[in-house]
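No hydrogens, no waters, no symmetry mates; every other heavy atom, side chains included, goes into these values. The first residue of the sequence shown is numbered 1, and numbering continues consecutively from there. Whatever order the structure lists them in is the order used to number ligands and atoms, beginning at 1.
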Amino acid sequence: MRPKAPHHGARPEQGKVAVSGASGAVGSVSVELLAKLGFEVVAISGKAADSLKSLGAAEVVGRDALAEDKKPMLKPAFANAVDTVGGTPLAELLKQILPGGSVSCCGLVAGPQLQTTVLPFILRGVNLLGVDSVEIPLAEKETVWDKFAGDWKCPKAEASAKRIGRADLDSALKAFLEGESAGKIVLDHAI
Ligand SMILES: NC(=O)c1ccc[n+]([C@@H]2O[C@H](COP(=O)([O-])OP(=O)(O)OC[C@H]3O[C@@H](n4cnc5c(N)ncnc54)[C@H](OP(=O)(O)O)[C@@H]3O)[C@@H](O)[C@H]2O)c1
């Protein structure tokens with residue numbers, strides 16, 4: 001039987017939490033939810049800061065904050081992080097996490113490869129947490145869905161969702177592939 005997903009107890013008083021791919025569908029909900037829960041959110045994004053600030057980000061920094069750096073470890077900047085992009089940005093994020101902090105990893109828009117050293121794990125006790133929202137037991141999904149229908153409601157991210165028809169699908173997919181997409185896109189077959 002699959003073990004229940006562990007809880008690593010991230011709390012606002014531990015310090016800043018970074019969100020990469022912050023303007024994306026997962027990132028924008030993460031920014032709004034974490035801000036609502038009292039975290040100081042640093043949004044890492046290739047887009048303009050205004051919409052991320054309105055979601056609750058305390059700070060917005062460019063993707064270059066996670067550009068490849070030859071040093072094996074960097075000055076710690078974040079207590080915890082939500083990574084939606086994978087690849088080099090995730091490797092760079094792991095180098096910037098405070099001792100005992102955690103990084104959740106759910107996506108691969110910057111690439112599926114993760115080239116890192118063991119140093120963040122053995123020198124700072126950093127945790128890399130995998131997220132799979134598909135194969136987890138239904139009961140765990142229902143717990144999370146109930147929260148998003150209640151205390152965790154993210155009305156700003158939800159209100160910014162774009163509804164598109166099939167005729168717009170090609171351009172929406174092109175925007176996804178080029179990293180230009182922002183927020184949630186809903187394919188409405190009635191349009
Ligand atoms: N594991 C799971 O259960 C699970 C569940 C849902 C989604 N996912 C995965 O999570 C990832 C994010 O999903 P999403 O729906 O949020 O996608 P999305 O709406 O396309 O957002 C991804 C965001 O990442 C940033 N980005 C795009 N290309 C990039 C690049 N080359 N380098 C660095 N940043 C880049 C962009 O944000 P900025 O411009 O703000 O930087 C973009 O808006 C996807 O890989 C998706 O498949 C996994």
**Q** Say you draw a straight line from CG of Leu94 to CG of Leu128; how long is it, rounded to the nearest 0.5 Å?
**A**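 It is 5.5 Å, given to the nearest 0.5 Å.
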**Q** Can you tell me if Lys141 uses its side chain to pair, donor with acceptor, with the backbone of Val134 under 3.5 Å?
**A**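 Between the backbone of Val134 and the side chain of Lys141 there is a qualifying donor-acceptor contact (under 3.5 Å).
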**Q** With respect to atom 38 (P) of ligand 1, which of Ser51, Gly179, Gly111, Gly46 exhibits the smallest heavy-atom separation?
**A**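 Of the listed residues, Gly46 has the closest heavy atom.
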**Q** Considering heavy atoms of the protein only, find what lies nearest to atom 25 (C) of ligand 1 and give residue, atom and distance to 0.1 Å.
**A**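 Answer for atom 25 (C) of ligand 1: Gly21 CA, 3.7 Å.
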**Q** Among Gly24, Gly107, Ser45, Gly86, which one puts a heavy atom closest to atom 40 (O) of ligand 1?
**A**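 Among Gly24, Gly107, Ser45, Gly86, the closest heavy atom to atom 40 (O) of ligand 1 belongs to Ser45.
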**Q** Which atoms from ligand 1 have a heavy atom of Leu108 less than 4.0 Å away?
**A**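 Listed by number with element: 45 (O).
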**Q** For Lys95, does its backbone N or O pair with a side-chain atom of Arg124 as donor and acceptor, under 3.5 Å?
**A**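 Yes; judged by distance alone, with no hydrogens or angles, the pair exists.
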**Q** Taking only non-hydrogen atoms of Ala182, do any sit less than 4.0 angstrom from ligand 1?
**A**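 No; Ala182 lies far enough from ligand 1 that no heavy-atom distance drops under 4.0 Å.
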**Q** Using a strict 4.0 Å cut-off to heavy atoms of Val85, name the atoms of ligand 1 that fall inside it.
**A**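 Listed by number with element: 24 (O), 34 (N).
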**Q** Is the contact between Asp132 and ligand 1 made by the side chain, the backbone, both, or neither, using heavy atoms and a 4.0 Å cut-off?
**A**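 Looking at Asp132 and ligand 1, just backbone atoms fall under 4.0 Å.
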**Q** Identify the protein heavy atom lying closest to atom 32 (N) of ligand 1, giving its residue, its atom name and the separation to 0.1 Å.
**A**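 Here the nearest protein heavy atom works out to Ala110 CB, 3.5 Å.
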**Q** Measure Arg63 to ligand 1 on non-hydrogen atoms and call it side chain, backbone, both or neither using the 4.0 Å cut-off.
**A**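 Looking at Arg63 and ligand 1, just side chain atoms fall under 4.0 Å.
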**Q** Is Gln14 reaching over with its side chain to a backbone N or O of Arg11, donor-acceptor style, under 3.5 angstrom?
**A**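 Confirmed, Gln14 side chain pairs with Arg11 backbone.
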**Q** How does Val26 reach ligand 1, by side chain, by backbone, by both or by neither, if only non-hydrogen atoms under 4.0 Å count?
**A**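 The part of Val26 near ligand 1 is both the backbone and the side chain.
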**Q** Considering distance alone, does some N or O of Ala25 sit under 3.5 Å from an N or O of ligand 1?
**A**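 Looking only at distances, the answer is yes, because the N/O contact criterion of under 3.5 Å is met.
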**Q** Find all atoms of ligand 1 within a distance of less than 4.0 Å from any non-hydrogen atom belonging to Val131, and give their numbers and elements.
**A**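 Contacts of ligand 1 toward Val131, numbered from 1: 1 (N), 2 (C), 3 (O).
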**Q** Tell me which protein heavy atom sits closest to atom 12 (C) of ligand 1, plus the residue, atom name and distance to 0.1 Å.
**A**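 The answer is Thr84 O, 3.7 Å.
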**Q** Would Cys106 count as a polar contact of ligand 1, with the cut-off being nitrogen or oxygen pairs under 3.5 Å?
**A**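 Between Cys106 and ligand 1, an N or O pair is found under 3.5 Å apart.
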**Q** If only atom types and distance count, is the side chain of Glu158 paired as donor or acceptor with the main-chain N or O of Lys184 below 3.5 Å?
**A**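 It does not hold such a pair.
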**Q** Run the numbers for me: atoms of ligand 1, each under 4.0 Å from some heavy atom of Phe176, listed by number.
**A**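 In order of numbering, the contacting atoms are 18 (P), 19 (O), 20 (O).
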**Q** Please check if a non-hydrogen protein atom sits closer than 4.0 Å to atom 29 (C) of ligand 1.
**A**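 It does; a protein heavy atom is within 4.0 Å.
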**Q** Side chain of Asn80, backbone of Ser102: donor and acceptor closer than 3.5 Å?
**A**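 Yes; judged by distance alone, with no hydrogens or angles, the pair exists.
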**Q** Nearest 0.5 Å please: distance from the CD atom of Gln115 over to the CD atom of Glu68.
**A**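 One gets 8.0 Å once the value is rounded to the nearest 0.5 Å.
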**Q** Pair up each side-chain donor or acceptor in residues 16-43 with any protein partner under 3.5 Å, not counting sequence neighbours, and list the distances.
**A**
residue : atom : partner : partner atom : Å
Lys16   : NZ   : Glu59   : OE1          : 3.3
Ser20   : OG   : Asp83   : OD1          : 2.6
Ser20   : OG   : Thr84   : N            : 3.2
Ser23   : OG   : Lys47   : NZ           : 2.8
Ser28   : OG   : Gly24   : O            : 2.7
Ser28   : OG   : Ala25   : O            : 3.4
Ser30   : OG   : Val26   : O            : 2.8
Glu32   : OE1  : Lys156  : N            : 3.2
Glu32   : OE1  : Ala157  : N            : 2.6
Glu32   : OE2  : Lys156  : N            : 3.0
Lys36   : NZ   : Lys153  : O            : 2.8

**Q** Which heavy atom of the protein is the closest neighbour of atom 43 (O) of ligand 1, given with residue, atom name and distance?
**A**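 So the nearest neighbour among protein heavy atoms is Ser181 O, 3.0 Å.
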**Q** Report the distance from atom CG of Asn127 to atom CZ of Phe121, rounding to the nearest 0.5 Å.
**A**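 Output value for this atom pair is 9.0 Å.
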**Q** Using 0.5 Å steps for rounding, measure from the OG1 atom of Thr143 to the CD1 atom of Ile136.
**A**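 Between atom OG1 of Thr143 and atom CD1 of Ile136 there are 8.5 Å.
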**Q** Starting from atom 31 (N) of ligand 1, which protein heavy atom do you reach first, and at what distance in Å?
**A**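 Its nearest protein heavy-atom neighbour is Val109 O, 3.7 Å.
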**Q** Can you pull out the closest protein heavy atom to atom 5 (C) of ligand 1? Residue, atom name and distance to 0.1 Å, please.
**A**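 For atom 5 (C) of ligand 1, the nearest protein heavy atom is Ser133 OG, 3.5 Å.
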**Q** Determine whether Ile164 and Val186 satisfy the following criterion, side chain to side chain contact (heavy atoms under 4.5 Å, CB included), listing intermediate values before the conclusion.
**A** CA-CA 6 Å; Ile164 62 165; Val186 180; over 6 Å; no
